[in-house]
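Written below as structure tokens is the structure these notes are about.
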Amino acid sequence: MNVPTAKQFIVPPEQYTELPPELKDVDFTERVSWRKFQPYSNRPLSLTPPSPPLKSADEEGCDSQSTVTVNAKSTATFPDENSPALEFHVNAVSGRARATTLHLPKNRSVPTPIFMPVGTKGTIKALTTEEIQSNDGLNCPIILGNTYHLALQPGTEIVRDMGGLHSFMNWEQGGILTDSGGFQMVSLLKLAEITEEGVTFENPFEAEQEHTNGEGDENSSADQNADVRGDENVSAKKLKTGYGKKDSKPLSTSSPSQSKKKSQRMLLRPEDSITHQNNIGSDIMMALDDVVSSVADDDERFKIATYRTLRWLDRCFAAHNKPKEQNLFAIVQGGLDVSLGGLREQCLAGFMKRDKQIPGYAIGGLAGGESKDDFWKVVDQCCKALPDDKPRYLMGVGYPLDLVVCTALGVDMYDCVYPTRTARFGVALVRGGSATMRLKSNEFFNDHRLIMEGCQCQACAGGYTRARLHTLLKRGNPVAATLMTSHNIAYMMYLVRGMRKAIIENRYNDYVIDFINDHFPKGDTPKWVRDALSSAGIDLKQRDSN
């Protein structure tokens with residue numbers, strides 16, 4: 001279990017803020033980018049037609065439009081000797097938006113744009129695997145699990161011995177992406193100490209274990225805070241220092257019968273994160289990165305975290321022992337610094353130097369309370385820089401508006417607890433200006449309409465009216481959580497399928513304008529949306545003149 005620390009990548013504290021040696025020859029007077037094609041450059045990008053063919057407009061819930069013919073020539077991408085576990089095809093582009101397919105091991109394929117529901121501990125709360133896979137409306141091709149939580153409960157060795165997480169949760173046909181545990185440096189910062197070696201956590205479940213005989217509470221506040229992007233329980237002191245106690249001791253988290261004394265602290269090094277993820281057997285693993293809250297006010301801490309993220313990536317690759325079966329994605333850090341030669345650009349340059357090892361990229365460090373103006377500028381910069389022949393994943397983002405805007409900027413993949421968590425609070429995602437429907441409100445007491453006509457979720461397809469759901473939610477009936485979660489996942493799948501169809505038909509600009517029309521019927525589109533879409537080449541003035 002214990003993989004030795006790759007000491008060749010460890011640096012002394014006096015070098016924490018020094019520019020890494022591999023970046024000293026980079027010309028930061030120009031923007032960092034590599035392997036860019038149209039519309040970023042004049043180089044044409046070869047496209048691979050989508051397979052299987054598109055569903056009909058009625059099946060997708062989208063308006064029928066003319067279809068664009070895509071070049072049948074395949075992109076010269078994976079698999080290759082550097083990344084044998086992923087074959088990546090770009091199927092179509094519409095402006096900067098793109099429809100792609102990730103072909104993963106064991107014939108698992110993921111069409112993008114895609115939203116990944118979060119199954120933190122190997123399950124999407126309130127739904128069984130069968131309920132997801134048996135319903136075409138919400139059957140998602142990939143979900144997300146969390147390494148930190150699975151390491152604590154039940155232990156990744158147990159998951160490994162049961163055939164990996166796919167077998168453990170009966171999710172053999174679908175893909176799995178695992179977060180590395182890095183985000184818990186923000187969401188559980190009060191319980192964490194961060195050093196060059198790794199991050200040491202206090203067990204957030206101990207309080208619950210005292211009351212549940214060691215079994216933990218699925219609805220505990222600690223668990224919920226760990227799942228949310230942008231947890232408010234942030235220690236300003238730790239944000240500023242970023243340093244931990246040097247006497248933190250590693251903890252093996254494999255045994256569910258550990259005593260409280262032994263489970264008080266867990267050291268998660270890059271090597272540990274990768275070992276856990278190798279045990280889990282996810283199709284896509286994330287490198288352990290040094291994550292700082294996007295709203296922290298400490299330039300030195302951001303610099304330390306950015307350079308450490310590069311070193312930790314090297315340690316993750318050194319520890320990765322299943323490269324033919326699992327993909328290891330890198331995560332771009334650098335705070336909100338999008339300046340020429342700034343921290344985001346330095347991190348991107350570091351990844352450019354390591355590109356042959358990296359099958360895909362994630363944009364991290366966002367969705368933590370920063371302004372939307374800062375948010376979209378980071379996404380924009382990363383999409384303009386990262387190579388066009390590899391997938392791009394925006395971590396922790398799940399608001400429908402954000403997906404539509406960021407897809408226009410060039411993002412492929414998303415995850416967030418928002419759709420499933422808000423469902424358990426009685427909030428349904430819907431089309432139109434309100435975007436949400438709070439079914440606990442008394443206005444739905446006698447409303448006999450479905451949540452959304454044409455929706456294939458268990459609630460809408462099953463004939464559950466808003467009034468019926470209102471009553472179930474007010475009484476705390478657990479059936480309500482199942483029905484609401486089913487609906488919100490179905491809505492997210494409807495959203496991304498509609499976006500993909502529009503991209504393949506080369507009408508994504510029109511799709512965005514129609515979406516904004518519905519979302520802001522009074523014309524009060526936020527400035528950040530207008531600016532972001534303008535950068536993507538979409539002029540909302542077309543909408544205003546219609």
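Along the sequence shown, residues carry numbers from 1. The figures here come from the full heavy-atom set of this structure, side chains too, leaving out hydrogens, waters and symmetry mates.
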Going from [atom1] on [X] to [atom2] on [Y], what distance comes out if it is rounded to the nearest 0.5 angstrom?
X	Y	atom1	atom2	answer
Tyr148	Asp179	OH	CG	12.5 Å
Ile132	Gln458	CD1	CD	9.5 Å
Glu325	Met285	CD	CE	10.5 Å
Gln456	Asn135	CD	CG	6.5 Å
Leu288	Ile274	CG	CD1	8.0 Å
Ile358	Asn327	CD1	CG	12.0 Å

Step by step, would you call Leu429 with Met492 a side chain to side chain contact (heavy atoms under 4.5 Å, CB included)?
-> CA-CA 8 Å; Leu429 303 180; Met492 297 302 293; 3.7 Å; yes

Is any side-chain heavy atom of [X] closer than 4.5 Å to a side-chain heavy atom of [Y]?
X	Y	answer
Asp531	Trp376	yes
Cys347	Arg344	no
Leu127	Leu138	yes
Ser294	Phe375	no
Leu177	Met116	yes
His470	Asn442	yes
Leu473	Phe425	no
Glu131	Thr129	no

Counting heavy atoms not belonging to [X], are there more than 12 under 6.0 Å from its [atom1]?
X	atom1	answer
Phe515	CZ	yes
Gln173	CD	no
Arg108	CZ	yes
Glu453	CD	no
Tyr40	OH	yes

Under a 3.5 Å cutoff, is there a donor and acceptor pairing between the side chains of [X] and [Y]?
X	Y	result
Asn506	Ser94	yes
Asp380	Ser535	yes
Gln326	Asn278	yes
Gln133	Asn170	no
Ser180	Gln277	no
Thr309	Asp289	no

Any donor and acceptor pair, going by atom type alone, linking the side chain of [X] with main-chain N or O of [Y] inside 3.5 Å?
X	Y	value
Thr407	Val404	no
Arg392	Gly410	yes
Arg497	Pro113	no
Thr123	Lys125	no
Ser109	Leu102	no
Thr101	Pro111	no
Thr471	Ala467	yes
Ser534	Arg530	no
Thr422	Tyr418	no
Trp528	Ala532	no

Yes or no on side chain to side chain contact (heavy atoms under 4.5 Å, CB included) for Val378 and Leu336, after CA distance, side-chain angles and deciding distance?
-> CA-CA 6 Å; Val378 171; Leu336 303 177; 4.2 Å; yes

Check the pair Leu450, Met452 against side chain to side chain contact (heavy atoms under 4.5 Å, CB included), reporting the backbone distance first and the verdict last.
-> CA-CA 5 Å; Leu450 300 177; Met452 201 168 79; over 6 Å; no

Of the options Ile489, Leu439, Leu472, which is the one that meets Met484 in a side chain to side chain contact (heavy atoms under 4.5 Å, CB included)?
-> Leu439

Taking the six-membered ring for Trp and the full ring for Phe, Tyr or His, determine whether the centres of Tyr414 and Tyr393 are under 6.0 Å apart.
-> no

For the residue pair Phe329 and Tyr361, is the inter-centroid distance of their aromatic rings smaller than 6.0 Å?
-> no

Salt bridge or not between [X] and [Y]? Use side-chain N to carboxylate O under 4.0 Å.
X	Y	answer
Asp518	Arg431	no
Lys384	Asp388	no
Lys390	Asp412	no
Arg449	Asp447	yes

Take Asn446 and His448, measure what side chain to side chain donor-acceptor pair (under 3.5 Å) needs, and give me the verdict at the end.
-> CA-CA 6 Å; Asn446 197 35; His448 298 284; 2.9 Å; yes

Using the side chain to side chain contact (heavy atoms under 4.5 Å, CB included) rule, take Met413 and Val397 through it: C-alpha gap first, then chi angles, then the decisive distance, then the call.
-> CA-CA 9 Å; Met413 307 167 66; Val397 172; over 6 Å; no

Salt bridge (charged side-chain N to carboxylate O under 4.0 Å, His left out) contacts touching residues 364-377 (sequence neighbours left out) = Lys372-Asp402, Asp373-Lys377

Over all atoms of both residues, closest heavy-atom pair of Ile142 and Pro117 = O-CD, 3.7 Å

Parallel, tilted or perpendicular: which describes the rings of Tyr494 and Tyr491, with under 30° parallel and over 60° perpendicular?
-> tilted

